[in-house]
J.: 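Take a look at this one; I'll ask things after.
Chain identifiers are assigned alphabetically (A, B, ...) following the order of the sequence lines, protein sequences preceding nucleic acid strands; residue numbering begins at 1 within each chain.
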Protein chains: 2
Amino acid sequence: MSKRVAGPEIERLIQLLAKVPGLGPRSARRAALHLIKKKEQLLGPLADAMAEAVQKVRVCSTCGNVDTVDPCSVCSDQRRDGSVIMVVEDVADLWALERASAMNARYHVLGGTLSPLDGIGPDQLNIKGLITRIAEGGVKEVILAVNATVEGQTTAHYLTDQLSGFDVKVTRLAHGVPVGGELDYLDEGTLAAALKSRTAF
Amino acid sequence: MSKRVAGPEIERLIQLLAKVPGLGPRSARRAALHLIKKKEQLLGPLADAMAEAVQKVRVCSTCGNVDTVDPCSVCSDQRRDGSVIMVVEDVADLWALERASAMNARYHVLGGTLSPLDGIGPDQLNIKGLITRIAEGGVKEVILAVNATVEGQTTAHYLTDQLSGFDVKVTRLAHGVPVGGELDYLDEGTLAAALKSRTAF
């Protein structure tokens, strides 16, 4: 064990920073030192921003997005097409799709994927909320924007079953070659899917 | 530009997190989301720890270490050998040496290295403080634990000159093969130094 160099307050800051994804024990120490050196410009504002986030951030009761208002700014945006719901696993996916700015629709965050081995069944995910939204009417299309993983696809199949009773079109994202991707580095599954879904040039 | 997904509070948190060393814009977003999800367990405590650090952390007026007390816990530790001062460039170096637990001595943090091109001369570093400490007497050895870089070595030479008038032994860290290091990957300078300083086996 290393000797105590700095006060317990600094040690505690380092320990907490080490829990931030992207920072390990070593980089947490470096980050803590940098923050302490930039006390006025960075550490103070960051402490305030975090305290504000703790106080204000909440989960949208409609779609499961995180925001400072409920319903979130996506759900309350009247310019969005309310007839299309993009179902995503996680808020990070919602943010990624928003950055792509490809669709101006609404979202629904599941909060994970079906994973029986981890004890995550339909009741652990925000599926009931999705059914309720669709049962309320007005939704014409549900895009299953889940990850192209086994868990994601299993969840997609389950949702398709659940939604079969409603008059909604259920679609999924296209498989294919990522833009900028090199064929040489792609797996067989992706290449086969890209060939199967080939389009006229 | 991406559309606004979350409230300005979350955007601000992401922007500030991106300034933390080790986190970029992309990982800052991921970190923010993780922190928001773990609001009670992580974001709250981290906000508190940061606010506490802002309030309590100060620079030791004796050695330049950062701590919540002044003089710092290293300087006020009576079990340490006050006759030896290890001169380091940065607080991070002090922490690294403490983790090595190799010496039970005092420190002196310069706050950088001499770098005329960047406008960093002797007055920009905590050199006067070092001279004062040595002039007060009681110091027998000054270990120049600066980095083995050109700037570090230049600073070491300057300090040696400055300390030549005092009755203190000035030493520097040994050059050689890092423990666990493979010769194959070492530069010629290190190998030459390791050979020159070879010891009896």
J.: Quick one: does B/I127's side chain get under 4.5 Å of B/P122's, heavy atoms only?
T.: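 A side-chain contact exists here, since the closest heavy-atom pair is under 4.5 Å.
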
J.: Can you tell me how far CG of B/L130 sits from CG of B/L163, rounded to the nearest 0.5 angstrom?
T.: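 So the gap between those two atoms works out to 5.5 Å.
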
J.: Does any heavy atom of chain B fall under 4.5 Å from the side chain of A/K38, the backbone, both, or neither of them?
T.: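 Neither part; nothing is under 4.5 Å.
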
J.: So B/L13 and A/L46, do their side chains get closer than 4.5 Å, heavy atoms only?
T.: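 Answer yes - side chains close enough.
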
J.: Within residues 172-181 of chain A, which residues come under 4.5 Å of chain B, heavy atom to heavy atom?
T.: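 Not one residue of residues 172-181 of chain A has a heavy atom under 4.5 Å from chain B.
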
J.: Which bit of B/L43 comes within less than 4.5 Å of chain A, counting heavy atoms only: side chain, backbone, both or neither?
T.: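 When you check distances to chain A, atoms from both the backbone and side chain of B/L43 fall under 4.5 Å.
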
J.: Side-chain contact test, heavy atoms from C-beta onward, threshold under 4.5 Å: evaluate it for B/F166 versus B/V142 and give yes or no.
T.: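 A side-chain contact is absent here, since even the closest heavy-atom pair is not under 4.5 Å.
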
J.: Measure distances from A/I14 to the heavy atoms of chain B and classify the residue's part below 4.5 Å as side chain, backbone, both or neither.
T.: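 For A/I14, side-chain heavy atoms alone lie under 4.5 Å from chain B.
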
J.: Taking the side chain as everything from C-beta on, heavy atoms only, tell me whether A/D67 gets closer than 4.5 Å to A/C60.
T.: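 They are not in side-chain contact.
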
J.: Please output the residues of residues 110-120 of chain B in contact with chain A, using a heavy-atom cutoff of under 4.5 Å, in numerical order.
T.: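 None at all.
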
J.: Please classify the contact of A/I36 with chain B as side chain, backbone, both or neither, using a heavy-atom distance under 4.5 Å.
T.: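 Side chain only.
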
J.: For the candidates A/A28, A/G44, A/P45, which exhibits the highest count of non-hydrogen atom pairs separated by less than 4.5 Å from chain B?
T.: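 With the most close heavy-atom pairs to chain B, the winner is A/P45.
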
J.: Considering only heavy atoms from C-beta outward, does the side chain of A/S83 approach that of A/V139 to under 4.5 Å?
T.: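 Side-chain contact under 4.5 Å: no.
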
J.: Using only atom types and a distance under 3.5 Å, with no angle test, would you say the side chain of A/D93 pairs donor to acceptor with the backbone of A/D90?
T.: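 Pair found, side chain donor or acceptor close to backbone of A/D90.
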
J.: Distance from B/L191 atom CG to B/Y185 atom OH, nearest 0.5 Å?
T.: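 These two atoms lie 14.0 Å from each other.
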
J.: For a 4.5 angstrom cut-off between non-hydrogen side-chain atoms, does A/L42 reach A/L35?
T.: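 A side-chain contact exists here, since the closest heavy-atom pair is under 4.5 Å.
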
J.: Less than 4.5 Å apart, any side-chain heavy atom of A/V59 and any of A/V109?
T.: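 When only atoms from C-beta onward are counted, A/V109 and A/V59 do not touch, as no gap falls below 4.5 Å.
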
J.: For chain B, find which of A/R29, A/R30, A/Q15, A/K37 contributes the most heavy-atom pairs closer than 4.5 angstrom.
T.: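 The residue among A/R29, A/R30, A/Q15, A/K37 with the greatest pair count is A/R29.
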
J.: Heavy-atom count around A/K39 NZ within 6.0 Å, excluding the residue itself: above 12?
T.: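 More than 12 within 6.0 Å, yes.
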
J.: Are A/V170 and A/L159 packed together at the side-chain level, in the sense that at least one heavy-atom pair is separated by less than 4.5 angstrom?
T.: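 Side-chain contact under 4.5 Å: no.
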
J.: Around atom CG of B/D167, are there more than 12 heavy atoms of other residues, nucleotides or ligands at under 6.0 Å?
T.: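 Open: at most 12 neighbouring heavy atoms sit under 6.0 Å from CG of B/D167.
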
J.: Compare every heavy atom of A/A156 with every heavy atom of A/V146, then report the nearest pair and how far apart it is.
T.: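 Heavy-atom minimum between the residues: CG2-CB, 4.0 Å.
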
J.: Please step through side chain to side chain contact (heavy atoms under 4.5 Å, CB included) for the pair A/V74 and A/Y107, ending with a clear verdict.
T.: CA-CA 8 Å; A/V74 173; A/Y107 291 92; 3.7 Å; yes

J.: Heavy atom to heavy atom, less than 4.5 Å: which residues from residues 148-155 of chain B reach chain A?
T.: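 Against chain A, none of the residues of residues 148-155 of chain B fall inside the cut-off of heavy atoms under 4.5 Å.
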
J.: Which residues in residues 47-56 of chain A have a heavy atom less than 4.5 Å from any heavy atom of chain B?
T.: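 Under the 4.5 Å heavy-atom cut-off, A/A47, A/A49, A/M50, A/A51, A/E52, A/A53, A/V54, A/K56 qualify.
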
J.: Looking only at atom types and distance, does a side-chain atom of B/R12 sit under 3.5 Å from a main-chain N or O of B/E9, one as donor and one as acceptor?
T.: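 Judged by distance alone, no pair lies under 3.5 Å.
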
